Amino acid sequence: RGVRLRLTLEGTLARDPARPWALEAPPRRLAPRLGPCERLTLHFATPTRLKLEGSFQPPRSFAELAGRMLRRSLELGHFYAPGGVPSWEIEPLLERARRVSIARSDLRWHSWQRYSNRQGRKIELGGFVGTLELEGELGPFLPLLEQAEVIHLGKATTFGLGKVEVVAAELCEPTDC
């Protein structure tokens with residue numbers, strides 16, 4: 001077996017057919033402010049594939065979305081940081097997620113294909129893109145949302161899918177769960 005090395009994420013490469021390869025800026029921290037964060041917008045920049053009840057579809061609630069973000073984070077932690085312990089108390093966080101509402105949804109399906117040389121055929125990789133405006137006590141979720149900006153969300157993230165960007169409608173301060 002090879003030697004394991006510790007790596008640091010400094011940026012990502014994204015390919016837009018209309019532009020050459022470009023280095024994106026490293027993830028930024030959401031700017032803190034005095035007071036709670038009660039409203040923000042999530043922008044799904046690349047098709048996001050969340051499987052809910054057996055089919056790919058947009059989330060119906062923030063609790064579904066938060067659950068998928070937690071799952072992705074915990075799975076990556078399990079495989080790439082063995083022995084690591086999450087700093088979140090999961091059940092209380094999910095309970096709080098149920099009290100956050102989707103105030104406005106502008107999500108739409110975007111069909112996308114890629115060619116698989118291994119399978120010798122085109123593969124459908126569509127997903128939803130657009131924005132979700134959230135309302136509620138969002139402070140406890142800011143670290144999770146920041147992490148989702150880096151690790152993406154849903155299936156086929158290795159192809160660049162599931163890129164989510166947090167657009168704060170107001171400056172927010174993380175709060176404990």
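These values consider heavy atoms only, across backbone and side chains, with no hydrogens, waters or symmetry-generated copies. Keep in mind the model is a prediction, meaning the values are calculated, not measured.
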A.B. asks: Please confirm whether the backbone N or O of Leu161 pairs with a side-chain atom of His152, one donor and one acceptor, at under 3.5 Å?
C.D. replies: yes
A.B. asks: Between Arg96 and Glu89, does any NZ, NE, NH1 or NH2 come within less than 4.0 Å of an OD or OE carboxylate oxygen?
C.D. replies: no
A.B. asks: Do Val164 and Leu145 pass the side chain to side chain contact (heavy atoms under 4.5 Å, CB included) test, and can you show the C-alpha distance, the side-chain angles, and the key distance before you say yes or no?
C.D. replies: CA-CA 9 Å; Val164 60; Leu145 291 166; over 6 Å; no
A.B. asks: Is there a side-chain contact between Thr41 and Val166, using heavy atoms and a 4.5 Å cut-off?
C.D. replies: no
A.B. asks: Taking the side chain as every heavy atom from C-beta outward, state whether Ile102 and Leu65 have any pair of such atoms under 4.5 Å apart.
C.D. replies: no
A.B. asks: If two hydrophobic side chains count as joined below 4.5 Å and joins carry through other members, does Leu134 share a cluster with Leu50?
C.D. replies: yes
A.B. asks: I'd like to know if the side chain of Gln113 and the backbone of Lys122 have a donor-acceptor N/O pair within less than 3.5 Å.
C.D. replies: no
A.B. asks: Taking the side chain as every heavy atom from C-beta outward, state whether Leu42 and Glu165 have any pair of such atoms under 4.5 Å apart.
C.D. replies: no
A.B. asks: Using the rule that two of Ile, Leu, Val, Met, Phe, Trp, Tyr join whenever any of their side-chain heavy atoms come within less than 4.5 Å, decide whether Ile90 and Leu142 are in one cluster.
C.D. replies: yes
A.B. asks: Can you confirm whether Leu70 sits close enough to Leu94 that some side-chain heavy atom of one is under 4.5 Å from a side-chain heavy atom of the other?
C.D. replies: yes
A.B. asks: In Å and rounded to the nearest 0.5 Å, what is the NZ to CD1 distance from Lys163 to Ile151?
C.D. replies: 12.5 Å
A.B. asks: Is there a side-chain contact between Leu153 and Arg68, using heavy atoms and a 4.5 Å cut-off?
C.D. replies: yes
A.B. asks: State, yes or no, whether a side-chain contact exists between Phe141 and Leu93 at a heavy-atom distance under 4.5 Å.
C.D. replies: yes
A.B. asks: Check for a donor-acceptor pair, side chain of Gln147 on one end and backbone N or O of Pro143 on the other, with a separation under 3.5 Å.
C.D. replies: no
A.B. asks: Tell me, with the steps shown, if Glu38 and Leu138 meet side chain to side chain contact (heavy atoms under 4.5 Å, CB included).
C.D. replies: CA-CA 6 Å; Glu38 295 179 354; Leu138 292 157; 5.9 Å; no
A.B. asks: Looking at every non-hydrogen atom in both residues, tell me the closest pair between Gly126 and Pro47 and how far apart they are.
C.D. replies: C-CB, 4.3 Å
A.B. asks: Is there side-chain contact between Pro59 and Leu107, with at least one heavy-atom pair below 4.5 Å?
C.D. replies: yes
A.B. asks: After noting the C-alpha distance and the side-chain angles of Thr131 and Phe44, does the key distance pass the side chain to side chain contact (heavy atoms under 4.5 Å, CB included) rule?
C.D. replies: CA-CA 6 Å; Thr131 59; Phe44 295 90; over 6 Å; no
A.B. asks: Please determine whether residues Trp109 and Leu125 belong to a single hydrophobic cluster, defined as Ile, Leu, Val, Met, Phe, Trp and Tyr linked transitively by side-chain heavy-atom distances below 4.5 Å.
C.D. replies: no
A.B. asks: Sequence neighbours left out, what passes salt bridge (charged side-chain N to carboxylate O under 4.0 Å, His left out) with Glu91? Give chain and number order.
C.D. replies: none
A.B. asks: Determine whether Val167 and Leu40 satisfy the following criterion, side chain to side chain contact (heavy atoms under 4.5 Å, CB included), listing intermediate values before the conclusion.
C.D. replies: CA-CA 6 Å; Val167 182; Leu40 58 78; over 6 Å; no
A.B. asks: Using the rule that Ile, Leu, Val, Met, Phe, Trp and Tyr join whenever any side-chain heavy atoms are under 4.5 Å apart, tell me whether Leu76 and Val150 fall into a single cluster.
C.D. replies: yes
A.B. asks: Under the criterion ring-ring contact (aromatic ring centres under 6.0 Å, His included), I'd like the reasoning laid out for Phe56 against Phe128: C-alpha separation, chi angles, the key distance, then a yes or no.
C.D. replies: CA-CA 9 Å; Phe56 293 107; Phe128 62 88; over 10 Å; no
A.B. asks: Are the side chain of Arg72 and the backbone N or O of Ala148 linked by a donor-acceptor pair below 3.5 Å?
C.D. replies: no
A.B. asks: Could you state the interatomic distance from CZ (Arg114) to CD (Glu124), rounded to the nearest 0.5 Å?
C.D. replies: 12.0 Å
A.B. asks: Could you check Lys51, Gln57, Glu53 and say which one makes a side-chain hydrogen bond (donor to acceptor under 3.5 Å, both in side chains) with Ser55?
C.D. replies: Gln57
A.B. asks: Kindly say whether Thr46 contributes a backbone atom to a donor-acceptor pair with the side chain of Thr48 at under 3.5 angstrom?
C.D. replies: yes
A.B. asks: Transitively linked via ILVMFWY side-chain contacts under 4.5 Å: Trp112 with Tyr115?
C.D. replies: no
A.B. asks: Will you find, in the side chains of Arg49 and Thr157, an N or O donor that is under 3.5 Å from an N or O acceptor?
C.D. replies: no
